[in-house]
Amino acid sequence: MTGTDLELASRLRAGETGALREVYARYEARVFRFLVRLTNDRVAAEDLFQETWLSVARTASRVEPTDDLAPLLFTIARNKFLNWRRWAVMDLSRIEILRRRPEPEAADASDAREELAAIDAELGELPLAAREILLLVGVEGLEPAQAAEVLGIQPEAARQRLARARAQLAERLAKRGRLRPAARRTKVEGEGR
Amino acid sequence: MNDEPDPLLARLRDLPSPTVDAPTRTRVLRAAEAELTRDPQRVAVARAWSVWALPAMLLASEAVYLADFFGKLRAIFFG
């Protein structure tokens with residue numbers, strides 16, 4: 001049985017394991033992708049992925065009725081990441097992970113793939129504030145208002161942050177000579193997935 | 001603002017997507033299910049224990065210290 005997020009939220013609140021399984025099936029790929037791109041480290045992302053879902057299960061009884069569980073799940077995942085990052089700064093063995101950037105893909109004959117590899121690499125190089133809003137709106141397709149909820153800021157601040165982040169990314173890509181003319185426009189409204 | 005999609009943001013959606021491997025996916029789901037079905041009373045006791053254990057220990061050691069302190073004062077002035 002599959003339901004809307006609203007139904008799933010209420011079943012989750014009631015402690016139904018079936019609902020948890022459905023939410024997991026629906027969102028695990030997106031949550032994992034978000035964490036891998038935030039941490040730039042797959043192993044750390046796997047740990048945080050598990051912590052995120054444990055936290056979802058632990059707080060299931062307090063899930064508010066909502067027609068979209070994505071902001072809640074990304075908020076939990078982001079909080080796990082921020083907590084991990086705070087400790088990582090104090091753990092010398094993890095500092096290297098924080099500095100690590102995703103490996104750019106090997107040059108490919110296809111221009112489109114090269115462009116994607118460049119976008120991937122430059123996204124990983126952006127400051128955290130810019131990276132997370134681009135991940136939420138650009139990659140995950142959240143509306144700027146939903147991203148604002150995840151980031152704990154006002155919707156207008158999220159829109160401004162998105163515009164700045166987009167400009168930063170475009171500038172970096174332009175420096176690499178990797179920005180297609182069509183992508184130079186500055187419109188920043190995110191559209192739902 | 002117009003409603004045309006932003007081409008750069010649209011390109012972000014084409015980025016390769018890392019996926020969870022099957023063992024991790026299963027392990028995490030099992031752990032989350034186990035967490036969801038844990039006995040709430042036991043969880044409440046464990047949580048209360050983790051919250052109050054340290055303050056209780058500090059209070060106990062403080063009580064021992066104060067008892068010793070006043071014992072020594074009594075020995076000096078009334079012993």
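Each chain gets a letter, A, B and so on, in the order the sequences are listed, and its residues count up from 1.
For chain B, the nearby parts of A/L134 are the backbone and the side chain; heavy atoms of each come within less than 4.5 Å. Interface remark: A/E16 contributes backbone atoms only to the contact with chain B (heavy atom separation under 4.5 Å). For B/S17, the parts sitting under 4.5 Å from any heavy atom of chain A are the backbone and the side chain alike.
Annotation: side chain of B/L12 is not in contact with side chain of A/V137 (no heavy-atom distance under 4.5 Å). Using a 4.5 Å heavy-atom threshold, the side chains of A/E149 and A/F74 count as separate.
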Worked verdict on A/N79 versus A/T52 for side-chain contact (heavy atoms from CB on, under 4.5 Å): CA-CA 9 Å; A/N79 287 341; A/T52 300; over 6 Å; no
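With chain A as partner, the option from B/D14, B/T24, B/V28 having the largest number of non-hydrogen pairs under 4.5 angstrom is B/V28.
Nearest heavy atoms, B/L29 versus A/R21: CD2-CG, 3.7 Å.
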